[in-house]
Structure formats: C-alpha cells, structure tokens
Amino acid sequence: MRFNNLIKLNRLFPVIGIIILSLIIFPEMIESGAYIDSAHGNLNYGVNRIATSNFGYSRGNCAHCHEQHASINGSEPNPVSGSPSSYLLFANNFVNQSNNFCFYCHKGSGSIQTSFSHINYNYSYWFGGDTTLTTPNNIYDAFNPSPVDCCQSSAHNLQDILNFVKTKWPETFKNESNPCNACHNPHLAQRGYPVVRPTDRNNIWGDEPNERMSYYASSHGGQYHAPYRKGGGYEPDGSSTTDGSNVPDYVTFCSDCHNATNTIYSSSIPQPHMHYSDNPCTCSGRNLFKIDWSNQNRIYNMPGDMHGSIARCCDIDGKIGGQWRTCGVYKENSFRSHPHPPDYYTDECETQSVGNLYQRDPSCAANLTDLDNDCNASNGQVPDGIPDNIQCGYCNCTSKATGHTVQVPAWWGALKEPYKTANYTNFILNCTDCHEPHGSQNAYLLRVTTNGKYSPPTWNVDNRTVDSPQEFCTSCHYHSDTTVSIYVPEFNLNLTPNGAHCGNQWLCLNCHHHYSVDYIDRCYACTYCPDSGWVHGRTF
C-alpha cells in the first residue's frame, strides 16, 4: 500500500510543478488576485525586464524578478554567487545605498526595465503639482541625491532602515531582507497606494476611509487642511477637496518607526547646534530626535507637536506655566498680561501708543456698548464694564499724525493661505506636506515645493543670504513680509518683522523643530527666546 501511494505521489509532483510553472510564465491565466492588481503585476504597465521580455515573457510576469532556473543564456545579471539566491531573485537583494535589487529597474541610465509609463518623479512633482521638478526622475537618484552632503541634500539611508527593522521586527525582517520592503510590498503596491506598514505587510495602507488624513485628524482632536497644489487646486490631485479624505494617513504609517519610543540611528545627518553662520554644519551619525504626533496634552515637558495634535491657539507669558486660551478670544484686558492673539500680533495699538503715535479709531472707540464679556455671543452675553469694541479688538489702530489705519503686521510664524482663512484651532499636518519619502535636494528630506510655492534647493545651512533660510518655512508662514515696527512685550523692544529675531534670524530650524525637549516649554518656540538651546521640539 505504501509503495503504491508513493507511485501515485511521484506522478502527482510533476503535475503540481507544471501548474506552478504555468502560473509563473503565464500570469494572465490568473483571473484575479492581489498581484495582478498591483503596479508590478499589472498586465498593461507592470514589470517588464528586457532580458525576459525578449524571450516572450508577458508584462507583469513573475519571472521578470524571480529566476525559476539559474539564468537565461547569461543575458541578464549573473545569479547570486552562481546559485539560486534568497527569494530566487536574479541579483543580490541588497548590498548598499547604490546596489539594491530594486535599482536594477528603478534607475535612469542602465535600467533593465523596457520602459516606464509612469516616471518616478518625486512627491512634489506628482502630488505637489510642480512639473518643473524633473530631477530626480527615478528612485535610484532620489536615494542618491547630489551633492552627497547631508547639509545640502538628504535621503533615507537604506542600511540604517534595515538595521532598525530587523532589530525591531526580527520575525519579519532578516539580514537578507531588502530595506525597501519595510515600506513597500512589491506584490501589493499600487500606483495610488504604494505603501504597507512594516507592522502589517499583507495589507495596502491608505486605501480605506479610516486610513486617510481626514480620519486621523478628526480622531486626534483636530482638522486636516490640504496645502495648495502648484498649478491650481489642492494636494494631492488638484481638486477642491481639502479635508484629507483623498490622501493616505502617512502619519500613522510613518509612526510605526518614527514615534515617541523608538530609537532610530541615522549614519549621516546634521549635528544639532545653534548659530549656523559662525558654527558650520557638520555631518555624522546620531540618533534621531523622537516624535509624538498624536499626543494632545498641552502640558509642560510633555511630548507633542504644534504641527501634530497639539492645538496651536494658546496664550503664554513667555515663562513656564503659561496660560492657555481659546482661538479667537481677543479680550483687551487679557492683552496686558498675555498680549498676543493667534498668529501673533494682530492688534498691538495699546502697546504701540508709546509716544502717543497711535490711537484706537475715535469713532469706533466712542461706541461704549457693553454686552458681551467674552466676545462670544453663543455663550450668552454678560456686561463686564469693558466696551465690546475695545474688548474684542474691533477698533482699528490709527496714526494720530495721519489718521490712517496702521498696517497689521504679519509677525513671525503668522499663517499664510489657505491656512489663514481656514483658521482651524488645531491644524494637523500630514508628513508628506513637508517631507519627501525617499530623498530630497534639501536637508532633512524637506520638499522643494510646498504649499504651491517653489523654494530653490539652495538650503545649504552654511552659505545663505538673509532670506534664503526662510524659503521653506515661508511657504506657509510669514517671516519678513512687512516693515511695520511694533513693540514686543516679551523682549521689551521695538522690532520689525524683518529685523532682529530671537536667537538667529537666519535659520528657522535653530529653534523650530518637532519634539519638546526636557525642561523647555514647547511654546517658547512661538513666543519666547530661551537662553539656551532647543525649544518646543525636534524630530530631525
């Protein structure tokens, strides 16, 4: 009986082998499946290696990446070590930043893919709408930007990624794994949804409603607002949708690695320091500063981020233990101890009256109507002895000499459109609003085009003009767009927005980062100059 069963099994094995081989050579025989739906497996634009295509293999065929034998007449890269490799790939899976299996196709000159119907430009090109950014035009160049200097360009270091993921998730990632697989599953990745989470590699991320930025923001006490897309509309598709329901939640995706607990080493990154003009940037290895995008607690010495789930509208006195208040409350009696409403100094007439140069508009100030004690009629109206026009900041500040309305200064950090008009209490940004996923011609993976604004990639932190360091940040924030002189109570100085700035006016990143540092209040970054070092946070 056993011998007869063995004969039957021996007859069955070749049949099974023929079926498996047929599926490899003729994937169109499969009527449906995740791989057929993927970008690599697509029968119209999928993978199509020159060597195997010349032998009649169809586009999307598994054999374009996997050698079911050893080679095809030696017309493609030799098999690894002369024998089948891990995963039956036709070349080494990963060696270093420039020698990676994926780069055999995903590169410019020398690519062994027959052609690309969708060129791999960067995020700012495809989703930011800046079609002038034709470099890089492939993944290899994105990961190997020029110049090779972390102070002028940047990329995710593939060896650092592999070292981290194989230590963090050893049951999933091994020494022979490809670091690209930490973010992508080549058998699932689609053009519109290219990523998988390293904690869930069997499911595409971003294709479900609860995997979009609209869901993340609303579930973390805030709102998402899409940035402008160059050429019109909003990111990522140029439509009028702004709530993030059409863009993947890359915060959750990136937070599998970049969070408040994981320690991530980067082998080449600018070293933290102040005053770049007299303390040049240097590149070496260090651990990245941690980040917590989800924390909503506005508590001193707690991790969090103003671009994340921390509400932006607050009022502090420039000291630890500052008081918080709601956006839109412009109570004049609060200005005297807490003089700055949201987006900084939008009404400083009282403090500008030094020398009797300014006054409230006389006709407006003459209206002494007092109905509302908190400038919010929906809470009920209770008189409190302060005229509403004054208390709520309704009266223009005018020059006594000319009678003209004094220009309201756009102070450091004030929001530009579309955020200014939206004026949400808590804007929660997506990672890709500011960062390229693979590499950038800027430091820290910062995008070249953000919020529809092109910032020249001359972001060398050692060689800059007065205006150049603000190019990136001023895509969304004002810095030196007006020359109106106003009195700043914290500094007890009369300053202009394009004049002296706390710390070093030549580099926003001297002070403004992602993560709060021990014993430094995050709000210092907005309103107060600490005597030493870093402020409300840094991730980089």
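Worth knowing before you read on, the calculation uses all heavy atoms, side chains too, and leaves out hydrogens, waters and symmetry mates. Note that the structure is predicted; figures quoted are calculated from it, not measured.
Heavy atoms only, all atoms of each residue included: Pro248 and Met213 are closest at O-CG, 3.7 Å. Nearest heavy-atom pair, Asn426 versus Gly221, reported as atom, atom and distance to 0.1 Å: ND2-O, 3.2 Å. The two residues Ser239 and Asn246 come nearest to each other via the heavy atoms OG-ND2, 3.6 Å. Listed here is the closest heavy atom pair of Ile161 and Ala182: CG2-CB, 3.9 Å. Nearest heavy-atom pair across Tyr265 and Gly285 is OH-CA, 3.2 Å. The minimum heavy-atom distance between Pro136 and Asp141, with the atom names listed, is CB-CB, 3.7 Å.
Checking side-chain atoms of His66 against main-chain N and O of Tyr87 turns up a donor-acceptor pair under 3.5 Å. Judged by distance alone, with hydrogens and angles left aside, the side-chain atoms of Trp293 form a donor-acceptor pair with the main-chain N or O of Leu429 at under 3.5 Å. A donor-acceptor contact shorter than 3.5 Å links the side chain of Asn185 to the backbone of Arg201. In terms of modelled atom types and a separation under 3.5 Å, the side chain of Gln113 and the main chain of Ser115 share a donor-acceptor contact. Between the side chain of Asp249 and the main chain of Tyr216, no donor-acceptor pair closer than 3.5 Å is present. Using a distance-only test at 3.5 Å, with no hydrogens or angles considered, a donor-acceptor pair links the side chain of Ser219 to the main chain of Tyr215. In this structure, the side chain of Ser53 does not engage the main chain of Ile50 through any donor-acceptor pair within 3.5 Å. With hydrogens and angles disregarded, a donor-acceptor distance shorter than 3.5 Å links the side chain of Ser38 to the backbone of Gly41. Under a 3.5 Å cut-off, the side chain of Ser309 and the backbone N or O of Gln296 do not form any donor-acceptor pair. Not a single donor-acceptor pair under 3.5 Å links the side chain of His438 to the backbone N or O of Ala155.
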Give the intermediate values and the outcome of side chain to side chain donor-acceptor pair (under 3.5 Å) for residues Lys168 and Asn262. CA-CA 9 Å; Lys168 180 69 176 178; Asn262 288 338; 3.0 Å; yes
Would you please test Glu67 and Arg49 for salt bridge (Lys or Arg N to Asp or Glu O under 4.0 Å) and show each step? CA-CA 12 Å; Glu67 295 284 11; Arg49 181 163 50 122; 3.4 Å; yes
The test is side-chain contact (heavy atoms from CB on, under 4.5 Å); show your working for Asn442 and Arg447 and say whether it passes. CA-CA 7 Å; Asn442 274 335; Arg447 288 172 51 178; over 6 Å; no
Worked check of ring pair (Phe, Tyr, Trp, His ring centres under 6.0 Å) between Phe90 and Tyr104: CA-CA 10 Å; Phe90 64 75; Tyr104 276 88; 5.6 Å; yes
Show the numbers, then the answer: is there a side-chain contact (heavy atoms from CB on, under 4.5 Å) between Glu436 and Ser124? CA-CA 8 Å; Glu436 290 286 347; Ser124 294; 2.8 Å; yes
Worked verdict on Thr449 versus Leu133 for side-chain contact (heavy atoms from CB on, under 4.5 Å): CA-CA 9 Å; Thr449 295; Leu133 301 178; 3.6 Å; yes
With side-chain contact (heavy atoms from CB on, under 4.5 Å) as the test, would you mind laying out the steps for Ile112 and Cys105 before giving the verdict? CA-CA 5 Å; Ile112 62 173; Cys105 290; 3.9 Å; yes
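Using a 4.5 Å heavy-atom threshold, the side chains of Tyr224 and Val247 count as touching. Two residues are said to be in side-chain contact when any heavy atoms from C-beta on lie closer than 4.5 Å; Asn96 and Gln159 fail this criterion. For the pair Ser255 and Thr252, the minimum side-chain heavy-atom distance is 4.5 Å or more. Contact annotation: the side chain of Asn44 never approaches that of Ser117 to less than 4.5 Å [non-hydrogen atoms, C-beta and beyond]. Looking at Asn157 and Phe143, their side chains never come closer than 4.5 Å, going by heavy atoms from C-beta outward. Side-chain contact between His40 and Pro186 is present, with at least one heavy-atom pair separated by less than 4.5 Å. Contact annotation: the side chain of Glu235 never approaches that of Trp126 to less than 4.5 Å [non-hydrogen atoms, C-beta and beyond]. Put simply, the side chain of Tyr125 does not reach to within 4.5 Å of the side chain of Asp130, judged on heavy atoms.
A tilted orientation is assigned to the rings of Phe127 and Tyr123, their planes being inclined by 30° to 60°. Classification of the Tyr234-His225 ring pair by plane angle, with boundaries at 30° and 60°, yields perpendicular.
One distance of note links CD1 of Ile291 with CG of Asn259; it measures 9.5 Å at 0.5 Å rounding. Atoms CG and NE2, from Asn430 and His307 in turn, are 13.0 Å apart once rounded to the nearest 0.5 Å. Rounding to the nearest 0.5 Å gives a distance of 7.0 Å between SG of Cys65 and NE2 of His187. How far CZ of Phe289 is from CD1 of Ile264: 13.5 Å, rounded to the nearest 0.5 Å. Interatomic distance, CG of Asn93 versus CG of Asn175, reported as 12.0 Å (0.5 Å rounding). One distance of note links CD of Gln223 with CD1 of Ile428; it measures 9.0 Å at 0.5 Å rounding.
Between the side chains of Ser245 and Arg212, no donor-acceptor pair is found at a separation under 3.5 Å. Of the N and O atoms on the side chains of Asn144 and Ser98, not one donor lies less than 3.5 Å from an acceptor on the other residue. The closest side-chain donor-acceptor pair between Asp160 and Ser267 falls under 3.5 angstrom. For the residue pair Ser294 / Asp292, a side-chain donor-acceptor distance below 3.5 Å is found, with atom types taken as modelled. Donor-acceptor pairing under 3.5 Å is lacking for the side chains of Asn181 and Asn178. For the residue pair Thr263/Asn287, the side-chain donor-acceptor check at 3.5 Å is not satisfied.
Remark: aromatic rings of Phe164 and Phe173 are distant, center separation not under 6.0 Å. Taking the ring centroids of Phe101 and Phe94, they lie at or beyond the 6.0 Å cut-off. Ring pair His106/Tyr140: centre-to-centre distance not below 6.0 Å.
Salt bridge present: Asp256 and Arg197 bring a charged side-chain N and a carboxylate O closer than 4.0 Å.
In this model, Cys102 has its SG atom no nearer than 2.5 Å to the SG atom of Cys180.
In this structure, Arg191 forms a cation-pi arrangement with Tyr45, its terminal cationic atom sitting closer than 6.0 Å to the ring centre and no more than 45° off the ring axis.
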